[in-house]
Structures are given as C-alpha cells and as structure tokens.
2 protein chains.
Amino acid sequence: MAHDDVHPVSLTCGDCPIRHRAVCARCDVDEIEELEDIKYYRSFEAGQTVVWAGDKMDFVASVVSGIATLTQTLEDGRTQMVGLLLPSDFVGRPGRSGAAYNVTATTNILMCCFRKKPFEEMMERTPHIAQRLLQMTLDELDAAREWMLLLGRKTAREKIASLLSIVARRDAPLNHAAQTSEVTFDLPLTREAMADYLGLTLETVSRQISALKRDGVIVLEGKRHVSVPDMDRLLMEAGDDSDGGLLI
Amino acid sequence: MAHDDVHPVSLTCGDCPIRHRAVCARCDVDEIEELEDIKYYRSFEAGQTVVWAGDKMDFVASVVSGIATLTQTLEDGRTQMVGLLLPSDFVGRPGRSGAAYNVTATTNILMCCFRKKPFEEMMERTPHIAQRLLQMTLDELDAAREWMLLLGRKTAREKIASLLSIVARRDAPLNHAAQTSEVTFDLPLTREAMADYLGLTLETVSRQISALKRDGVIVLEGKRHVSVPDMDRLLMEAGDDSDGGLLI
DNA sequence: CGTAGTCTTGATCCACATCAATTCGTGTGG
DNA sequence: CCACACGAATTGATGTGGATCAAGACTACG
C-alpha cells in the first residue's frame, strides 16, 4: 500500500474523475490550465489524519477518490462527525488559515490540493470558481440542516435507517440505476464512525442494525455488505418518507 | 402594530442598518443603486409565518431587523430549528424555486426582499454579491456544524448553557463591550423555541434553566431577562470552554 | 374576574448509555 | 496448518438522563 506522498500521482484535469463535479466544474479550458499549474496530489491511507482542528492549513483540496470525515470533539473526548467527504467534495476554507475540524481518511484517499494563497488569488479573478464553491457550500449547508433534524429529533432506529438510505442513494447509480427495489452497497464506515455520525454509541448502532436485519428491512452479508430488498420500506423507517434525507 | 405589508417601508440603502454586513456588503455605489431598483420591503409580526417549506418562493431577502427562525418538521410534528436568522442574515437560495424550510418571525421583523429572477441575473454579473454570499454561507455552515456537535453530543445542561452563551455573546457589544463579567440580555425565544433549537422538550429546557439559576450560574428577572454574573463560568458549563460555541 | 398562553414543577417511564462479556474475522508467527 | 492475538462487532444486564404525563402557577388581556 502506498504511504503518504510516496507515490506522487500525476493526473491531467482532462482525465480527472471529478472534473465535472468538483470546485473546478464550471471552469473553462484556460482556467483549468491555470489550476493545473498550482495543483498537486496527496494520498492518505485509511485511518490517517489529514489535518487536526486548529492546525495551520496551507492548502485547500478536492477529494478525488475515497472517503474522509470531518469531526469535532469536546475536551473529554466526545466526538461528533460534522461532515462526510465524498469524491468531489471540497476541504478547507478560503480566507481562513487554521483547520476548523479534524479531517480523517476513512478509506485510502487521493486529494487534489491547491496551495491556499494562489488559489485565493485565482478565486478573486475567477467568478466560475466562486460560483461553483457557493453552489457546493449551499448544498453542504442543506445537508447539514437535514442532519440537524436527524440529530435533534430522530430515534436511534430512524437515524440508522436514514444513514443507510443516504449511502444507498449515493451508491444507487453504480448499480442498476432504475429500480427502487433491491439495492446493494458496502458500508464505508465502522460502527464507531456511524455512531459518531449519528450521535449514538456504537453499541446502539450495532443493536439497531441487528434489529433492522431481524425485521427484514435489510440483509447483511458479512459486517459491511448490505442489501435492501425494499427501498421504500427503508425510507419509511427513516421517518422522512419523501426523499430519504437529502434535498434535491 | 403593523400588519404584513400595510405600511410599505421605504429606506435608502445608505441609511440601512445592515448595509455593511448583509449580502450587499461588498457592493460599490453603482451596484447598490442597481439593487435599490429591485428591492422592496416586507414586514411580519411576531408569530407570523414568512414561508412554508415546499412553497414556491419568488424572492430572496435579508433580515433588516428582528429575529426569525428556520425549522424543519417530520410528519408526526416533531420539529427541529435549523437556523436562527438575525439582522443581516440571508433567506432563500438563488437557483432554487421552493423554500426548503419553514421561516417564521419570532419577533416583528423587517425584510429587504429582492425578486428572485432579477437578483439571480444580477448575481451572475456581480462577483461582489456572490463573494459575499459565499462568505456568509461558509459562516452559516460553520455555525451549523457547531450546532451538530451540540445536538449530537452535549447534555441538556450544556445545551442550555451553550444557547445562553451564544445569545449573550451576540448581545454583548450592545452592553459594555469590554468586561467578560456581568452580561445581561433578553431571551428572544420562548421555551418551546429553545427546545426546538436544542433538540429537547420544553419541560427539560425549563428544568435546566431553573437548575442553572439555582446553581447561581444565571440570574433571572422575569421569564425572559437573564444576567450572567460570571461569563467564564457559563462558558465552562457549555462544555467547549474556548469560545462559547461560535467560530471566529 | 375569567380565560388563555407560557412557564414551572412533580411523578413516572423508557430509550439509549454504560459496563461487561463473548463472538467473529483477519492477520501473524511458530 | 494451527495457535493466538487484536480489533471490530454483537449481545446481555443494568443504570440514568431526558421524555412523557399531569397538575399548578404566573402573566397578560378582554
């Protein structure tokens, strides 16, 4: 397995899997060339910390592949996940020097980094970047607010069902995009990470997953592979029947 | 008391109390003039609903004065506040036709509205607006994430202390800006609204406020007026000693 | 005064946390 | 190939913080 920075990756933006969804999505050819000059890649192994809250962070970045998490902690160790970073998601805040959250690689990840200073300067001149970043930030804000409803008002069972819905929904296109029924996916998170996501303990997560299995809402093969025979049923269990947790 | 739209307010942007903090903060004179042409004011009384989630919303707006809330609800009536709108905060999302949340006036409020279409068109041409909106959205996202930590991991007492800290902090400049000790303010929210903010029941809110009073952390005069003899003590009670809940 | 809304306080209950073993799965070294 | 070790997950027993149910108390207002 690759160690951090041992195999400097090279990738041209034209071939980039997130070219059309990341912060650069709206950029035209000239702008992409300019970005190409200031970008570099870093990879992290599953479990590694990308940055600690409070540390100086001299870059911003897009997640190219893999999954990372944003977490906050209280002094006594209680921790809450506040963001789940999927490919194309953006890390770091232009105009702020320190990291506000812990960023941790959940799987092996590849990040496309931009040194902060040149990126900020370019953002000033390049409305396409600011516009896209605004869109993405508004989407994240909506997701955060949906998540607040989950944290504040849902039961443990509803929380688990909501999380499964979100992951299922995200992986759905990878399967047979059409049918709502019989979706299958791998959980990218440990029970503990799920607990931190949902504001529960890992024991409660485990119990509720067992309960959903017992009730036939989900089928497990191993600890991590899940199939959902009836997606509508799962959405019902999640509490917010309409759309399963994410705004369109 | 004024009814909705009965007394159309007129205010020039030059005299506007939120001129330097709202979405128009970065606009130069020309841009402000252009905004002045497409803006109009609406006022709402305490308790009135500004929009319902799902309704078509043909404007975006800034809160000029007063306080409003953003809430989400599950079908069975459980509700969670997901945003607290103070003067200068922005309502509505460019590029989306329906409202995502219920917006309710908590006090009498005055809003500076822009018809969505012209505003969106202007935003395309006017980086100053998009840039400012991006800043504001990033701030809101940080606040939402701090709030997620509160909802997911804090105890009822810590939640109440956190809320009081936030309100105290916001009102602090209005008092004698210097000292950390002896802060005084009015709660702008009912017990029920606080409960919806914090993911608690109103009974628990009431009990915890009584407990903080009993323990000398706060002093109440009437139901709504609070003074805090020792702000540091309150911050300790909030759990995150450093800054009381809001990033700088 | 009476009525309605807001708030407080008490008694009880229960969902989830906590504490404590097992079990499962995977990799490692003899 | 087995023994064992270690982390991840399950499952059980018990405790508790906050919800729920239910009276009252305070305030404002007609």
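Within every chain, numbering begins at 1; the chains are lettered A, B, ... in the order of the sequence lines, protein sequences first and strands thereafter.
Listed by first and then second residue, the ring pair (Phe, Tyr, Trp, His ring centres under 6.0 Å) pairs involving residues 54-85 of chain A amount to none (not counting sequence neighbours). The side-chain hydrogen bond (donor to acceptor under 3.5 Å, both in side chains) pairs that include a residue from residues 62-71 of chain B number zero, where partners must be two or more places apart or lie in different chains. Judged as a ring pair (Phe, Tyr, Trp, His ring centres under 6.0 Å), not a single pair has a partner in residues 210-232 of chain A (not counting sequence neighbours). Residue pairs meeting the side-chain hydrogen bond (donor to acceptor under 3.5 Å, both in side chains) criterion with at least one partner in residues 210-222 of chain B, sequence neighbours excluded, are R157(B)-D215(B).
Taking a 4.0 Å limit (strictly below) on heavy-atom distances, residues 77-86 of chain A does not reach DNA chain D anywhere. Of the residues in residues 214-222 of chain A, not one comes within less than 4.0 Å of DNA chain C through any heavy atom.
Residue contacts shown for S206(B) include a base, since a base heavy atom lies under 4.0 Å away.
Residue R207(A) is the one, among R207(A) and K223(A), whose nearest nucleotide of DNA chain C lies closer to the 5' end (criterion: closest heavy atom). Mapped onto DNA chain D by nearest heavy atom, R153(A) and S210(A) fall at different nucleotides, with S210(A) at the one closer to the 5' end.
In this structure, CG of L202(B) is placed 9 Å from C1' of dT6(C), rounded to the nearest angstrom. Remark: P of dC7(C) and CG of L189(B) are 10 Å apart, rounded to the nearest angstrom. Here dA17(C) presents its P atom at 7 Å from NZ of K159(A), a figure rounded to the nearest Å. Atom CZ in R224(B) sits roughly 15 Å away from atom C1' in dT8(C) (whole-Å rounding). For the pair L187(B) CG and dT8(C) C1', the computed distance is 15 Å after rounding to whole Å.
The base of dG5(C) is not paired with the side chain of R191(B) by any donor and acceptor separated by under 3.5 Å.
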Output one line per pair: protein atom, nucleotide atom from nucleotides 13-16 of chain C, and distance, for all N/O pairs under 3.5 Å.
unit_1	atom_1	unit_2	atom_2	d
dC16(C)	OP1	A156(A)	N	2.8

Distance-only donor-acceptor pairs under 3.5 Å for side chains of residues 192-203 of chain B, two or more places apart:
unit_1	atom_1	unit_2	atom_2	d
D196(B)	OD1	R153(A)	NH2	3.1
D196(B)	OD2	T79(B)	OG1	3.1
T201(B)	OG1	T204(B)	N	3.3
T201(B)	OG1	T204(B)	OG1	3.1

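Judged by distance alone, with hydrogens and angles left aside, the side-chain atoms of T107(B) form a donor-acceptor pair with the main-chain N or O of I67(B) at under 3.5 Å.
In summary, R145(B) and E140(B) do not engage in a salt bridge, as defined by a charged side-chain N under 4.0 Å from a carboxylate O.
Of all nucleotides in DNA chain D having an atom under 4.0 Å from a heavy atom of chain A, the first and last in 5' to 3' order are dA9(D) to dA13(D).
E158(B) and T155(B) get closest at one heavy-atom pair: OE1-N, 2.9 Å. Closest heavy-atom contact between M136(A) and S88(A): CE-O, 3.2 Å.
Between atom CD1 of residue I109(A) and atom OG1 of residue T104(A) there is a gap of 9.0 Å, rounded to the nearest 0.5 Å. Taking CG of L163(B) as the reference point, atom CH2 of W147(B) lies at 9.0 Å (rounded to 0.5 Å).
Scored by the side chain to side chain contact (heavy atoms under 4.5 Å, CB included) test, V91(A) finds M57(A), V63(A), L85(A), V103(A), M111(A) as partners (sequence neighbours excluded). Scored by the side chain to side chain contact (heavy atoms under 4.5 Å, CB included) test, P87(B) finds I18(B) as partners (sequence neighbours excluded). Checked against side-chain hydrogen bond (donor to acceptor under 3.5 Å, both in side chains), Q208(A) has no partners two or more places apart in sequence or in another chain.
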